[in-house]
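Convention: sequence-line order gives letters A, B, ...; per-chain numbering from 1. Source: prediction; values computed, not measured. Excluded from the calculations below are hydrogen atoms, water molecules and symmetry mates; all remaining heavy atoms, backbone and side chain alike, are included.
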Amino acid sequence: MTYPEPVEGRSLLEGLNPAQREAVEHVDGPLLIVAGPGSGKTRVITHRIAYLVQEYGVTPYSILAMTFTNKAAREMRDRLNRLVGSHSDALTVGTFHSFCARLLRREGERVGLPRNYSIFDDDDQMSAIRHCLEEADYDPKRYPPRAVLATISKAKSVLQDSQTMAQHAVGDYFEEVCARVYRHYEELLARNGAADFDDLLLRTAQLFREFPEVLQAYQHRYNYLMVDEFQDTNIAQYRISQMLARSHQNFCVVGDPDQSIYSWRSADVRNILNFKSDNPRARVISLGQNYRSTSNILNAAKGLIATNGQRLDNDLFTENTVGLPVQLHEAYTDDEEADSVIAEIGRLSREQGFKLGDCAVLYRVNAQSRALEEACLSQGMKYRLVGGTRFYQRKEIKDLAAYLRLLYNPQDDVNLSRIINVPPRGIGAKSIQQLGEWAAYRESSMYEGMREIAASHAARQSCPAPLATRAVSSVARFVEAMARLMAFSQEVEVVKLVDLVLEESGLRKHIQDSDDRPEERWENVLAFRALAQEFNAETPPDGLGSLLERTALVSQVDEYEEAEDSLTLITLHQAKGLEFPVVFIVGLEEGLLPHSRSMDSEAQLEEERRLCYVGMTRAQQRLYLLRAFRRGFRNGTGGGPAVASRFLREIPEDLVASADLGPSRAVSPPTPGRGSSIRAAVLANAAASAAPPSGPSLRVGDLVRHRAFGEGIVTAYNPSASDDEVTVEFAGGVGVKRLLLSFAPLEKLDD
DNA sequence: TAGCGACTGGTTTTT
DNA sequence: CCAGTCGCTA
C-alpha cells in the first residue's frame, strides 16, 4: 500500500514552536503532552498524526484517536482531511463511547450483548432504575431514582459490577441499597439486551480482560493510540486505553490538569497526574505558549488558578498584546446583568467591529440563560442557545426513536413500555404492569409475550395472560402493526422505515392533531427524518443501527454549529474547547460560581475554580466578568443579597477594571453592605496600583477619545484624593460614562 | 383508561 | 418557577 506523497514533511513542522515540534516528532513510546489553554493542542495532535503517516509511512488504518466530544472528533477529522488527504478515511477518530459502542456491536456477544443491543440513554436508565426499585421493594421517596442511578453509575465507572459494589458498600446503608438495586438493574439490562452509557466502557474493559485474543486483535490493529482531554477520562477509559497500548506502548495522551472539570462525572485527574509514574518511559512535553488570549486575560486567569493548591505548575505565557483590562461589571439584579451584557454586545458590534458570532456569554447553570434570552428578545439580538432541552430529548423525537429502537431490538421492554400507549390505544399503566409481570413470570420479553397474546386472539382462543379483555384486542392490533414494521425494517431504507413508522403507529396523526404546538413538533420530526437520510445508504438493518447509535451518543455541543451570525449562550462546561474574541462570564457570586453544591470540600471548590479558569481562557480579546447584587431565584421567593464570588478577589487587581455597562446607572444599589464594598475595593486598588498617568488633565468641555467608547465631551470632573473621576458624554449612542482618569484610556483631542 | 387539575418537591455540570 | 407526580372524575 502506498500513501500520498506529502512531499516534504518539513511543512508539517513549519510554524511550530520548539515544544510543539518536539511533540509532533515524537513517534515511539508513551508521550504526555500537557497543553494549556490556547497552546495549539489540536494542531499538535493533527500534525503528529499526519507526520506519522507521511514521514514514517504508518498506515492510517492503524491509528486510533479518541476525543471527548463528537464535535472535537469531527473537527479533528476535518483538519486531518486537509493534512493527510483522502487517506484520512482510514483513520479511526471518535469518542470513547462511540468507539466502544461499535466494538461491542462486533464483539459484544462474548460478554452477553446481542448484536442488535440497545443503548439506554438517561431516560431509559431512569425508567429502568424505577422499575428495579419497585422490584427490590424500595420506596422511591426514600431512595430517589436519580441518586441511586448516580451512585450505581459511579461504581460502574470504576469498573465495579454489583457484586464488587456490594463488597465495597459494607457499612454504608445507602450504598448497600444501591448495590442491591444494581443487581436487579444488571439483570434488567441483560433481559432487555441493552447497555447503558457506562456499560459501553465497562463491557469493553471486561471484554478485553476476559478475552485476551480480542484485545490482541485490537492491539494489533491499532499501533498508535492518542487520547485527547486525558484529564477528563475515568478509570474505565483509562483502563481501556492502557490495555490497548500495552503491547506497543505508542500511547500519546494530551490534557491539562487545570482544565479538569468533570470529576462529578467520575473523571479522575489522577489518570493524567500519574501518567508519568504509570509509564516510566514516558516523555513529558509542556506546551506553554498561549496563542489565544491577550496577556491581560491570560494573566488574570493564571492568577486565579494559582490559588489552587493541588496543581502542577505550568508556565503559561503569551507574546500577544496586552489588551484591555478584564472588565468587571456589578449589576443590581440578574435582569439588569443580562441587559447590560446584551447592550454591551450591541455596542461592540455597532462600534467596535465585532460580529455577534464573535461573542459568547458563559454561565454556570442553564437556568441563567433565561434572563439572557429575555434580554436578547427585548433588545432584538440574534442569539443561539447551546443546550437547553436537547433535540433528542424532545418527546416527539424520543417517541419516534423508541419505536425504531423497539423494531431494532424487540427485547427492549423499556422502549416498548414507552410507546405502547403513544398515541393512546387503550393500554394504560395497569395493562403495562400486568404485561410486564406476566412476561417476567414466563421469562420472556414483553413483546414476545404480546405476540403470543395476539396469536391466541387471532385463533379466538382465550387470552393466556391476565389482562382486561379490552386491552387484549389493542395488544393484538399493536403487535400486528409492529410485526409489519419489523419485516420492513429488514428490507427498506431507513427514511422509508421512518415514514412507515410515523403512519402505521399513528404518531404522525397524534403529533399533528395535538394541541401543544403541533407544527413545531412536526418540524422536529422532519429534522429527525432528514438525519435518517444520512444512513439510507447502509443495507437495511445496519442503517437503522447506525441511526440509533447516533441519536444515543450525540451531545448538545455537537449540534452547535457556527452558522449564522449570532451571539452564543452557553454553559461554562460546554464552552470547554471553544474560543471567542469576546467572552462574558455572568453570575460571579458565591453559591453560583462557585456553586453552592460544590462548596463543602476544598477539592470541589478547586474544580469550580478550574471551571472559571476554563471560562476565562476562552476569551481572545475581551473578557467581561459580571455579578449581580440580587439574583431572583424563584421570581420573588428567596433571592437574598448575593455575595461577590471569591474568585473575583483572586484575580490580580491590576488586571481588572470596573466597567459601567448598566443601562440604569441612576439607581443606587439596594443593599449597600458587603456587595458594594468589593467593588469599592477593586476600584480603589486599581487606582492605587495603576501608574498615575502623566496624561491629560482635563476640564469640563474638553473633547476626548476613548479606546473603546469613541469620542466624547467631558461634562463633569471630580478630583479626589486617590484618583480623578471624569464624566464623559460619548457620541454615537454610547451615552454618559463615569471613568477613572488614571485608568481610562482617554486621549485629549484638540478641539 | 384518559384527561384534568392540584400539589409537591427540587434544581450543576453530560459522554 | 417548573416539571413531574398524584388522585380524582367522566
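For A:Phe251 and A:Phe275, the ring centers sit closer than 6.0 Å to each other. Annotation: A:Tyr363 is not in aromatic contact with A:Phe584 [ring centroid separation under 6.0 Å not met]. Taking the ring centroids of A:His131 and A:Tyr185, they lie at or beyond the 6.0 Å cut-off.
To the nearest angstrom, C1' of C:dC1 lies 15 Å from CG of A:Asn366. Distance CG (A:Asp124) to P (B:dT15): 16 Å, rounded to an integer number of Å. If you take CD of A:Glu374 and P of C:dC1, they are 10 Å apart, rounded to a whole angstrom. Remark: C1' of B:dT14 and CG of A:Leu201 are 13 Å apart, rounded to the nearest angstrom. Rounded to an integer number of Å, the gap from CG of A:Asp123 to P of B:dT14 is 15 Å. Per the geometry, CG belonging to A:Leu149 stands 13 Å off C1' belonging to B:dT14, to the nearest Å. Rounded to an integer number of Å, the gap from A:Lys156 NZ to B:dT14 C1' is 16 Å. For the pair A:Leu104 CG and B:dT15 C1', the computed distance is 15 Å after rounding to whole Å.
Closest to the side chain of A:Arg130, from the set B:dT15, C:dT5, B:dT11, is C:dT5. Listed nucleotides: B:dT15, B:dT13, C:dC1. Nearest to the side chain of A:Phe197: B:dT15.
Taking A:Ala371 as the reference, A:Asp335, A:Ala338 meet the side chain to side chain contact (heavy atoms under 4.5 Å, CB included) condition, with sequence neighbours excluded.
At B:dT14, one or more side-chain N or O atoms of A:Thr571 fall inside 4.0 Å of OP1 or OP2 (strictly under the cut-off). Contact between the side-chain N/O atoms of A:Gln574 and the OP1/OP2 oxygens of B:dT14 is found at a separation under 4.0 Å.
The nearest heavy atom of DNA chain B to A:Gln125 and to A:Val365 marks one nucleotide each, and the one closer to the 5' end goes with A:Val365. Each of A:Lys395 and A:Arg370 lies near DNA chain C, and the nucleotide nearest A:Arg370 is the one positioned closer to the 5' end.
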Distances under 3.5 Å only, N/O to N/O: pair up the protein atoms with those of nucleotides 1-5 of chain B.
residue: B:dT1; atom: OP1; partner: A:Ser431; partner atom: OG; Å: 2.4
residue: B:dA2; atom: OP1; partner: A:Asn421; partner atom: ND2; Å: 3.2
residue: B:dA2; atom: OP1; partner: A:Gly426; partner atom: N; Å: 3.1
residue: B:dA2; atom: OP2; partner: A:Asn421; partner atom: ND2; Å: 3.0

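By the criterion of a centre-to-centre distance under 5.5 Å and near-parallel planes under 30°, the ring of A:Trp264 forms a stack with the base of B:dT13.
Residue pairs meeting the salt bridge (charged side-chain N to carboxylate O under 4.0 Å, His left out) criterion with at least one member in residues 128-138 of chain A, sequence neighbours excluded, are A:Glu135-A:Arg191.
Within the nucleic acid shown, A:Phe68 comes within 4.0 Å of sugar-phosphate atoms alone, with no base atom in reach, counting heavy atoms only.
To the nearest 0.5 Å, the span separating CZ on A:Arg477 from CZ on A:Arg425 amounts to 9.0 Å.
At a threshold of 4.0 Å, the pair A:Arg405-A:Asp121 counts as salt-bridged, since one of the basic side-chain nitrogens sits closer than that to a carboxylate oxygen.
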